[in-house]
*Asks:* 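First, the structure itself, so that you have it in front of you.
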Number of protein chains: 2
Amino acid sequence: MTTARETEIMDFAEREMRKGGLDAFSFRDVAAAIGIKSASVHYHFPTKADLVQRVITRYADRFVGSLGAADAADETPHDRVARLADAYTGAYRQEGCSCLCTVLGSVVTYIPDGSPDKVRDFYNRLSQWLTTALEGKSTDLTPELVISILQGAMTLSVAVDRDAPIMDAKRYLLSVL
Amino acid sequence: MTTARETEIMDFAEREMRKGGLDAFSFRDVAAAIGIKSASVHYHFPTKADLVQRVITRYADRFVGSLGAADAADETPHDRVARLADAYTGAYRQEGCSCLCTVLGSVVTYIPDGSPDKVRDFYNRLSQWLTTALEGKSTDLTPELVISILQGAMTLSVAVDRDAPIMDAKRYLLSVL
DNA sequence: CGTTGTCTATCTTGTGATAGGTAGATACGT
DNA sequence: ACGTATCTACCTATCACAAGATAGACAACG
């Protein structure tokens with residue numbers, strides 16, 4: 001069960017984590033943002049590790065879920081990759097921030113407790129989706145390379161504050177797949 | 001002028017930043033690692049922002065410098081990209097950690113003072129090198145996409161703790177360039 | 001009455017940063 | 001050569017603050 005309050009907390013935490021990583025927010029920040037006290041945040045999420053793990057898991061569910069079926073018969077691999085690319089470009093355009101797991105992935109050895117496993121789960125699920133999505137398509141690109149291109153371009157776009165890299169990545173993928 | 005002590009400090013700071021970002025180390029960590037007191041670290045680098053900026057600049061100089069000439073007449077674009085890819089795979093194999101600016105790039109809006117500009121300088125210099133390096137080569141890949149692929153794969157390799165993504169990225173780039 | 005969600009108040013730890021002092025080296029004027 | 005001044009690189013001690021976390025009380029609801 002996830003209450004409305006917990007959703008509020010996770011929404012804020014996710015937004016901050018995607019912009020600045022684990023240390024970009026504190027329990028006090030969360031509390032101030034939604035109008036309660038930090039002790040109350042601890043009531044819903046005993047430790048920060050708990051909060052981070054739940055945010056990652058929710059993110060993974062939502063992201064992979066939003067991609068839809070990877071094996072719909074009336075679609076081509078091209079269609080499916082287009083949807084994946086749109087998920088990335090959309091996130092950049094609307095929120096100006098990265099994939100949560102890209103931010104956390106590069107510092108995976110420094111995040112607490114079970115979080116690294118949650119990040120790896122995300123990538124495993126995404127790889128699996130792409131493996132199915134590309135089935136039957138002959139290409140030099142592995143599923144993980146498709147992910148790499150999109151995420152690398154996303155990071156670069158954020159870093160240089162221009163959408164060219166992520167838009168070029170999408171265009172390139174759609175031209176070769 | 002950079003003294004031996006400052007080099008020691010920056011070496012440690014860079015190593016930690018590449019593994020865990022800005023908040024992965026403190027002045028006390030630095031001091032303990034090299035056997036002095038934190039106040040002495042402040043003597044060499046008045047603020048953390050100072051230290052971070054110098055580390056990024058030094059990293060950029062070293063990384064781009066290590067790539068060598070982008071316009072040597074006896075080389076092909078393929079040769080040059082191979083060298084760039086080796087810089088990434090080498091970093092992963094030897095240090096198991098990412099490009100410094102990949103780690104910082106995704107959180108660029110949360111790092112202090114002049115640091116974002118230093119990160120962007122790095123990418124500008126790398127793009128410029130690649131633009132020259134690819135001159136005359138007909139390809140759909142932009143210089144920034146080449147960077148994206150390598151860095152995205154690097155991040156993924158770190159995240160999932162397998163070298164497959166970064167090795168595949170190198171292989172792919174050399175097959176299409 | 002028990003549960004739920006919040007509060008106040010507080011603890012401990014770790015952080016970046018500063019003030020002020022000290023030993024040793026170097027430079028300079030007489 | 002001698003005394004003075006300055007500089008370098010470190011030290012001790014401490015500050016103010018923000019972090020995660022906990023204990024215990026309170027009100028509302030069933």
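Every chain is numbered from 1 and lettered A, B, ... according to where its sequence line falls, protein lines coming before strand lines. The structure displayed is predicted, hence computed values, not measured ones.
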*Asks:* Any chance you could list the contact pattern along nucleotides 6-25 of chain C? Use B for base contacts, S for sugar-phosphate-only contacts and - for none, protein heavy atoms under 4.0 Å, 5' to 3'.
*Replies:* BBB------BBBB-------
*Asks:* Taking the ring centre of each residue, are A:Tyr110 and B:Phe25 less than 6.0 Å apart?
*Replies:* no
*Asks:* Identify whether the distance between the nearest side-chain nitrogen and carboxylate oxygen of A:Arg120 and A:Asp117 falls below 4.0 Å.
*Replies:* yes
*Asks:* Provide the closest heavy-atom pair for B:Trp129 versus B:Ala69 in the form atom of the first, atom of the second, distance.
*Replies:*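 Taking every non-hydrogen atom into account, NE1-C, 4.0 Å.
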*Asks:* Can you tell me if CD on B:Glu95 sees more than 12 non-hydrogen neighbours from other groups inside 6.0 Å?
*Replies:*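 Yes, CD of B:Glu95 has more than 12 neighbouring heavy atoms, counting only those of other groups under 6.0 Å.
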*Asks:* Taking atom CZ of B:Arg93 as the centre, report whether more than 12 heavy atoms of other residues, nucleotides or ligands fall under 6.0 Å from it.
*Replies:* no
